[in-house]
There are 2 protein chains.
Amino acid sequence: MLANRPPNSYDVAQAAGVSQSAVSRAFSPGRSIAKATKEKVLKAAAELGYQPNAIARSMSSARTKAVQKSGLVGVVVTQLENQFFAKIVHTLSLSLQEQGWQILLFSVESEVDVDPALFELTQYQVDGVIVLSALMSQKVAQHCRNLSTPVVVFNRYIKDLDISAVRVDNYAGGRMAADVIVDAKHQYIAHIAGIQEEQTGVDRELGFCERLRERGATLYQREVGDYTFDSGYEATQRLLNMQPRPDAIFCASDLMALGAMHAARTLFGLSIPTDLTIIGFDDVPAAAWPGHQLTTISQPIEEMGQAAVKTLVSEMENPETPASQQVFAGKMVLRSSSLSDLYAQI
Amino acid sequence: MLANRPPNSYDVAQAAGVSQSAVSRAFSPGRSIAKATKEKVLKAAAELGYQPNAIARSMSSARTKAVQKSGLVGVVVTQLENQFFAKIVHTLSLSLQEQGWQILLFSVESEVDVDPALFELTQYQVDGVIVLSALMSQKVAQHCRNLSTPVVVFNRYIKDLDISAVRVDNYAGGRMAADVIVDAKHQYIAHIAGIQEEQTGVDRELGFCERLRERGATLYQREVGDYTFDSGYEATQRLLNMQPRPDAIFCASDLMALGAMHAARTLFGLSIPTDLTIIGFDDVPAAAWPGHQLTTISQPIEEMGQAAVKTLVSEMENPETPASQQVFAGKMVLRSSSLSDLYAQI
DNA sequence: TTGAAAGCGCTACCAT
DNA sequence: ATGGTAGCGCTTTCAA
């Protein structure tokens, strides 16, 4: 009688009348084993419902193999509820699974939870880590370096240059927004910034303001939000109560831009873009909805996700790979939330 | 000289001048160890940058301990980009982490990828699995039962009654929608159904139609969508081209309802709810946006997420726990996308 | 091509 | 309270 436990390689070996080593070989692609033996093993395994134990497997291969020690990649995300990040995680997931890695997910409430998450991940011997929009402390960066666990940060800046980063060109995106607004000859130009502690939003604002200045325009007013719909909605109320009223707002995220749009329409009865031009950043699905038609800077998420995986994989495969910083160009998507000059309309 | 590998418990033991067993005990809460010894060990560990290897740990405890064999829980999700599911995953994540479990995430493209995902998960010796909105085949269900891996399906029906399920009462939700529409005395009542192969949407429609009949109303027309914004948008075009035009639409998801709303406004110039009442299902964040104000049935996501975790944990802790079916009541959230009768206005 | 045996890092038992 | 030791399931030498 079989014990009440899942079958292991010895059970299969016995059933197939071969050694345990043979079973191991049968399940390891590219190892030397006779075809007949392999078939015998696979047949017995199927009958017993045997599956190799990935945990045990990773324990024994940890010693020799450089890659796929555990086959696990840690993914840390702070705002999974934001469609933008959900989409990235999905992209990463597909891409990693394709290459045989599993995702150990950490969805944390706030930036302060990132550090502990990383420590837990390393206990699980993850072969690599991808951090989405999170502040990694120097301490953790050092910790990962000690463990020689490659890390890639997504849409983030890491002061420590030894860590690879994949991100969109936020500065250039800000400049594009400025051009669209100046082209449309707006007078009272406002900005709703993102979280001040994060470089992402700071760069968007920097590019925006610098380009305004270059084109001879000036920023009329700025407000600060936290990338959420509600913060955009509220900031816009403050802006639109000003005299004179702003006639263009560049928001550091689409969600804030949508908040701005809803506030302008429902609270102030404004028409967009006739009374007010609104520009966002990210190009989330809702930006393209017919009633929104938000002009925004689109990020090549899939491309960036694949680049992140590719970078991580090559660092996992070859620990000597130097860290790299990859910057992707965003694309200005002109929709009808912004007035366009003649040139843009053509 | 230390080898170029992370320190293990023997390294720490040597550094602390104790046995390896002592190191193990120092890192296992509640085991018998002298305070002084523990401190010595922790100090040495900190100096060496030692962390227990969770993989190895799970290998040795697999033998004896019933719970936390691997400390891993598999989560399979088909539509992570849908905010509704992203929110569930986030809730599950927090709740599982709190209890010391890690999430092995499988974000798959479609239902057909669920089966292979489950097989991969079991190789990682997950202690349990939560399946979100996915069809589990009988084969996989049987596979998990053989492995005695508990499974909880979220917002799904499983024909196999041995598998626990947590879901909202879709049938009752459909009835609520019918009541709101009949109360407002609508004449031409339409429905945009969800994917026909899934019980979720079928039940919503069933409850809706049955309640209409009970109230002496009839369904004027129905269309079928796939829960996405676009499918709602398109189905609504077909509906609103009818003569006479429907004056109320109940949609099987908020995304489809928002698609309906945008189509009605931008393509037909209709006012909501004056010309058309729209009701959704789920209560996603965008439903509450000022320009949408979508009447919908809200699902108690956090409660349901916690229930799913609680159910899974108790089945992991005690394999004898019988499977349970938990049905949560949805809540009608009246906003201004629906005409309300006097009673509802009070 | 195959089988025997060592060992991955840890926990849990058994003595002491 | 502590240390020694068996063994979790597998991969990988090493011999045959």
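Per chain, numbering begins at 1; letters A, B, ... match sequence-line order. Just the heavy atoms: all of them, side chains too, but no hydrogens, waters or symmetry mates, feed the values below.
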**OP:** Would you mind reading off the distance between A/M59 atom CE and D/dG7 atom P, rounded to a whole angstrom?
**Re:** 17 Å
Original post:
Is a side-chain donor-acceptor pair under 3.5 Å present for A/Q97 with A/S93?
Top reply: yes
Original post:
Rounded to whole angstrom units, what separation is found between the CD atom of A/Q125 and the C1' atom of D/dC10?
Top reply: 16 Å
**OP:** Determine, step by step, whether B/K43 and B/E47 satisfy the salt bridge (charged side-chain N to carboxylate O under 4.0 Å, His left out) criterion, reporting the C-alpha distance in whole Å, the side-chain angles of both residues, the deciding distance to 0.1 Å, and the verdict.
**Re:** CA-CA 6 Å; B/K43 183 159 169 289; B/E47 276 165 9; 3.5 Å; yes
Original post:
Which nucleotide in the list D/dA1, D/dT12, D/dC10 gets nearest to the side chain of A/R31?
Top reply: D/dT12
**OP:** Could you tell me the separation between the NZ atom of B/K35 and the P atom of D/dT2, rounded to a whole number of Å?
**Re:** 14 Å
Subject >> Spacing between A/D11 atom CG and D/dG9 atom P, to the nearest angstrom >> reply: 9 Å
**OP:** Classify the side-chain pair A/E315/A/T311 by whether it contains a donor and acceptor separated by less than 3.5 Å.
**Re:** no
Original post:
Does the side chain of A/S164 come under 3.5 Å of the side chain of A/Q325 through a donor N or O and an acceptor N or O?
Top reply: no
**OP:** Specify the separation, in whole Å, of atom CZ of A/F27 and atom P of D/dC10.
**Re:** 9 Å
**OP:** Could you check whether A/Y50 gets within reach of a base, just the sugar-phosphate, or nothing at all, counting any heavy atom under 4.0 Å?
**Re:** sugar-phosphate
**OP:** Using whole Å, report how far CG of B/L48 lies from P of C/dG9.
**Re:** 14 Å
Subject >> B/S9 vs C/dC10: side-chain N/O to OP1/OP2 distance below 4.0 Å >> reply: yes
Original post:
Can you check the A/R57 CZ to D/dT11 P distance for me, whole Å?
Top reply: 4 Å
Show me the protein contacts with nucleotides 3-5 of chain C, counting only N or O atoms at under 3.5 Å.
{"unit_1": "C/dG3", "atom_1": "OP2", "unit_2": "A/S19", "atom_2": "N", "d": "3.1"}
{"unit_1": "C/dG3", "atom_1": "OP2", "unit_2": "A/S19", "atom_2": "OG", "d": "3.0"}
{"unit_1": "C/dG3", "atom_1": "N7", "unit_2": "A/R25", "atom_2": "NH2", "d": "2.7"}
{"unit_1": "C/dA4", "atom_1": "N7", "unit_2": "A/S21", "atom_2": "OG", "d": "3.1"}
{"unit_1": "C/dA4", "atom_1": "N6", "unit_2": "A/S21", "atom_2": "OG", "d": "3.1"}

**OP:** Round to a whole Å and report the spacing from CD of A/Q123 to P of C/dC10.
**Re:** 10 Å
**OP:** Side chain of B/A34 only, please: which of D/dA1, D/dC10, C/dT2 is the nearest?
**Re:** D/dA1
Original post:
Going by atom types alone, do A/Q306 and A/T91 pair a side-chain donor with an acceptor below 3.5 Å?
Top reply: no
Original post:
C/dG9 phosphate, OP1 or OP2: any side-chain N/O from B/N8 under 4.0 angstrom?
Top reply: yes
**OP:** Measure from the side chain of A/S60, starting at C-beta and using heavy atoms only, and say which of C/dG7, C/dT2, D/dT2 lies closest.
**Re:** C/dG7
Original post:
For residues A/Q102 and B/E120, is any side-chain donor paired with an opposing acceptor at under 3.5 Å?
Top reply: yes
Original post:
When you measure from the side chain of B/N82 to the backbone N and O of B/Q79, does any donor-acceptor pair fall under 3.5 Å?
Top reply: no
